[in-house]
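Treat the numbers as computed from the prediction; the structure is a model and nothing was measured. Throughout, a chain's letter reflects where its sequence line sits, starting with A, and its residues are numbered from 1.
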Protein chains: 2
Amino acid sequence: MADQTPSGESLLFLTDEQLRKGIEAMFFAYRGFTADPDRILEGMDYGRAHHRAIHFIHRSPGTTVSNLLTILGVTKQSLNRVLRTLVEDGLVEARVGRRDKRERHLHLTPKGQELERELSDAQRARMRAAYRAAGPQAVAGFRQVLEAMMDPELRRQYQGLKESGA
Amino acid sequence: MADQTPSGESLLFLTDEQLRKGIEAMFFAYRGFTADPDRILEGMDYGRAHHRAIHFIHRSPGTTVSNLLTILGVTKQSLNRVLRTLVEDGLVEARVGRRDKRERHLHLTPKGQELERELSDAQRARMRAAYRAAGPQAVAGFRQVLEAMMDPELRRQYQGLKESGA
DNA sequence: TTGGAAAGTCAACAAGGCTGACGTAACTTC
DNA sequence: GAAGTTACGTCAGCCTTGTTGACTTTCCAA
């Protein structure tokens with residue numbers, strides 16, 4: 001959809017100048033996007049990597065370590081460092097799999113859920129303000145462009161996650 | 001603007017679930033956004049930090065070090081390390097200011113411009129594909145939401161940069 | 001002339017990526 | 001039941017990119 005370009009001038013939105021603005025918008029917006037959780041995390045012993053792990057464990061409770069590895073796109077050594085501290089500090093529980101005992105199924109503890117909520121409340125508040133300011137139609141466009149910007153493999157991850165909640 | 005919500009159900013786009021999707025879209029899209037330059041840079045001695053410096057020097061030739069500091073939001077020690085290697089390698093030229101000789105005005109050398117073009121060609125290609133797939137209206141929404149998501153100070157940076165080219 | 005801004009530099013450190021190698025338990029296949 | 005594979009953890013070492021703190025040089029401006 002949205003492929004009809006009735007006249008040549010509709011392509012003005014594809015000029016290098018327009019693209020550069022989009023690139024810089026991504027850069028500055030991503031700074032804002034991570035700013036609130038970063039602020040909350042600093043002072044604690046955690047960083048952005050812990051936030052990501054917590055987010056996706058909350059998002060998909062019971063997910064395995066290797067699932068998380070492919071979603072986050074880091075090495076197991078890197079993820080393990082993060083996960084270990086979260087388990088040690090009692091924010092994440094790693095339950096041995098029932099069918100396959102090699103797997104560890106990850107869950108947030110109540111304490112972990114509390115931090116998750118604090119972080120996502122902050123991040124959602126900013127998203128909500130931005131969404132409200134821009135309006136529903138802009139939001140739809142926002143999501144379309146972002147989705148088109150993903151690597152195909154990541155897009156599948158995103159879409160797979162997108163509806164799996166219900 | 002865009003605040004008219006004729007009926008309650010227009011606010012459906014502000015549910016926590018919608019916001020979570022937006023958050024994950026940002027996460028995955030940003031990975032795609034940086035993937036191509038990262039690929040080009042790996043193997044060279046440069047990283048994402050060098051790319052950012054090169055981008056903004058290209059964008060605002062003659063900009064000073066402290067301008068760059070506020071735009072990039074890093075410490076001068078961190079930026080200096082990047083800038084030093086770029087100057088040593090002959091990609092960036094730091095000209096002593098004529099009015100204020102304390103300032104260094106930064107320019108890309110032909111060699112620097114060559115790398116800049118390679119990097120931004122890759123990044124623009126992805127943006128262009130995403131823009132084309134989503135269409136002009138979606139692009140407008142995309143930019144609106146991103147702009148609303150920035151910190152006010154960063155938004156001023158962005159907007160200040162936005163038109164200064166012509 | 002003096003205060004302070006702009007720039008650069010040295011040193012030390014931390015977060016969070018990476019690779020490589022190795023170990024162990026558990027599942028799968030022959 | 002032996003052999004191979006998978007999932008996970010861990011040790012060691014390295015890199016990039018961020019941080020703070022302390023210090024110097026230059027030089028504009030009050």
Chemist: So which nucleotide from D:dG9, D:dG18, C:dG17 ends up closest to the side chain of A:Arg104?
Modeler: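 Of all the options, the side chain of A:Arg104 is nearest to D:dG9.
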Chemist: Does D:dG18 have its OP1 or OP2 closer than 4.0 Å to a side-chain nitrogen or oxygen of B:Arg52?
Modeler: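 Checking D:dG18 against B:Arg52, a side-chain N or O does come within under 4.0 Å of OP1 or OP2.
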Chemist: For A:Glu42 and C:dA14, what is the distance between atoms CD and P respectively, to the nearest whole Å?
Modeler: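 Computing the A:Glu42:CD to C:dA14:P distance gives 16 Å.
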Chemist: Describe the nucleic acid contact of B:Arg81 in one word from base, sugar-phosphate, nothing, applying a heavy-atom distance below 4.0 Å.
Modeler: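 Answer is base: heavy atoms of B:Arg81 come under 4.0 Å of a base.
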Chemist: How is A:Ser78 classified with respect to the nucleic acid when contacts are heavy atoms under 4.0 Å: base, sugar-phosphate, or nothing?
Modeler: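 Counting heavy atoms under 4.0 Å across all strands, the contact made by A:Ser78 includes a base.
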Chemist: Is there a donor N/O on one and an acceptor N/O on the other, under 3.5 Å, for the side chain of B:Arg102 and the base of C:dA7?
Modeler: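 Counting by modelled atom types and ignoring angles, no donor-acceptor contact under 3.5 Å is found here.
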Chemist: Without decimals, in angstroms, what is the distance between B:Leu41 CG and C:dC18 P?
Modeler: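 That distance rounds to 16 Å.
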Chemist: Between B:Phe56 and A:Phe27, is the gap from one ring center to the other below 6.0 Å?
Modeler: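 Between B:Phe56 and A:Phe27, the centre distance is under 6.0 Å.
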Chemist: Going through the checks in order, is the salt bridge (charged side-chain N to carboxylate O under 4.0 Å, His left out) test met by A:Asp151 and B:Arg126?
Modeler: CA-CA 10 Å; A:Asp151 273 345; B:Arg126 184 183 292 255; 2.9 Å; yes
Chemist: Ring-plane angle category for B:His51 and B:His55, please: parallel below 30°, perpendicular beyond 60°, tilted otherwise.
Modeler: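 Correct class here is perpendicular.
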Chemist: Where the side chain of B:Thr75 is concerned, which of C:dG17, D:dT10, D:dT19 is the nearest nucleotide?
Modeler: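 Comparing C:dG17, D:dT10, D:dT19 against the side chain of B:Thr75, the answer is D:dT19.
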Chemist: Where the side chain of A:Gln77 is concerned, which of C:dA21, D:dC27, C:dA11 is the nearest nucleotide?
Modeler: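 The nucleotide sitting nearest to the side chain is C:dA21.
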Chemist: Between atom CZ in A:Arg84 and atom P in C:dG16, what is the gap in whole Å?
Modeler: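 The answer, rounded to whole Å, is 14 Å.
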Chemist: Mind calculating the distance between CG (B:Asp100) and P (C:dG4) to the nearest angstrom?
Modeler: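 Result: 18 Å.
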Chemist: Considering residues at least two apart in sequence or located in another chain, which fulfil the side-chain hydrogen bond (donor to acceptor under 3.5 Å, both in side chains) criterion with B:Asn80?
Modeler: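 Residues passing side-chain hydrogen bond (donor to acceptor under 3.5 Å, both in side chains) with B:Asn80: none at all.
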Chemist: Whole Å only: how far is the CZ atom of A:Arg31 from the C1' atom of D:dG18?
Modeler: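 Taking atom C1' of D:dG18 as the reference, CZ of A:Arg31 is at 13 Å.
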Chemist: If you check every side-chain atom of A:Ala49, which of D:dC27, C:dG17, D:dT10 has the closest atom?
Modeler: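 It is C:dG17.
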Chemist: Between C:dA7, C:dC18, D:dC8, which one does the side chain of B:Thr64 approach most closely?
Modeler: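 In terms of side-chain proximity for B:Thr64, the closest of C:dA7, C:dC18, D:dC8 is C:dA7.
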Chemist: Which comes earlier along DNA chain C counting from the 5' end, the contact point of B:Lys76 or that of A:Lys101, where each point is its nearest nucleotide?
Modeler: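 This one resolves to B:Lys76.
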Chemist: Rounded to whole Å, how long is the line connecting atom CE of A:Met44 with atom P of C:dA15?
Modeler: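 Spelled out: CE on A:Met44 to P on C:dA15 is 15 Å.
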Chemist: Nearest heavy atom decides the nucleotide; on that basis, is B:Val82 or A:Leu83 closer to the 5' end of DNA chain D?
Modeler: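 Here A:Leu83 is the residue nearer the 5' end.
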Chemist: How long is the span from the CZ atom in A:Phe142 to the CZ atom in B:Phe142, to the nearest 0.5 Å?
Modeler: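 So the gap between those two atoms works out to 8.0 Å.
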Chemist: Rounded to whole Å, how long is the line connecting atom CG of B:Asp38 with atom C1' of C:dG17?
Modeler: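 Rounded to the whole Å, the gap is 12 Å.
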Chemist: Taking only the side-chain heavy atoms of A:Val65 (C-beta and beyond), determine which of C:dC10, D:dC8, D:dT17 contains the nearest atom.
Modeler: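 Ranking C:dC10, D:dC8, D:dT17 by closest atom to the A:Val65 side chain puts D:dC8 first.
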Chemist: Mind calculating the distance between CD (A:Glu103) and P (C:dC27) to the nearest angstrom?
Modeler: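 The distance from CD of A:Glu103 to P of C:dC27 comes to 9 Å, rounded to the nearest Å.
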Chemist: To the side chain of A:Asn80, which of D:dC8, C:dG4, D:dG9 is closest?
Modeler: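 Between D:dC8, C:dG4, D:dG9, the one nearest the side chain of A:Asn80 would be D:dG9.
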Chemist: List the steps and the verdict of salt bridge (charged side-chain N to carboxylate O under 4.0 Å, His left out) for B:Asp16 and A:Arg124.
Modeler: CA-CA 7 Å; B:Asp16 280 4; A:Arg124 272 201 304 270; 3.5 Å; yes
Chemist: Between A:Arg48 and A:Arg99, which is nearer to the 5' end of DNA chain C once each is assigned its nearest nucleotide?
Modeler: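 In this pair, the answer is A:Arg48.
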Chemist: Using a heavy-atom cut-off of under 4.0 Å over every strand shown, decide if B:Ser66 touches base, sugar-phosphate, or nothing.
Modeler: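 Since only primed, P, OP1 and OP2 atoms lie under 4.0 Å of B:Ser66, the category is sugar-phosphate.
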Chemist: For A:His105, report the nucleic acid contact type (base, sugar-phosphate, nothing); a contact means any heavy atom under 4.0 Å.
Modeler: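 Since no nucleic acid heavy atom lies under 4.0 Å of A:His105, the category is nothing.
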Chemist: Is the phosphate of C:dA15 approached by A:His50 (side-chain N or O, under 4.0 Å from OP1 or OP2)?
Modeler: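 No, no such contact exists.
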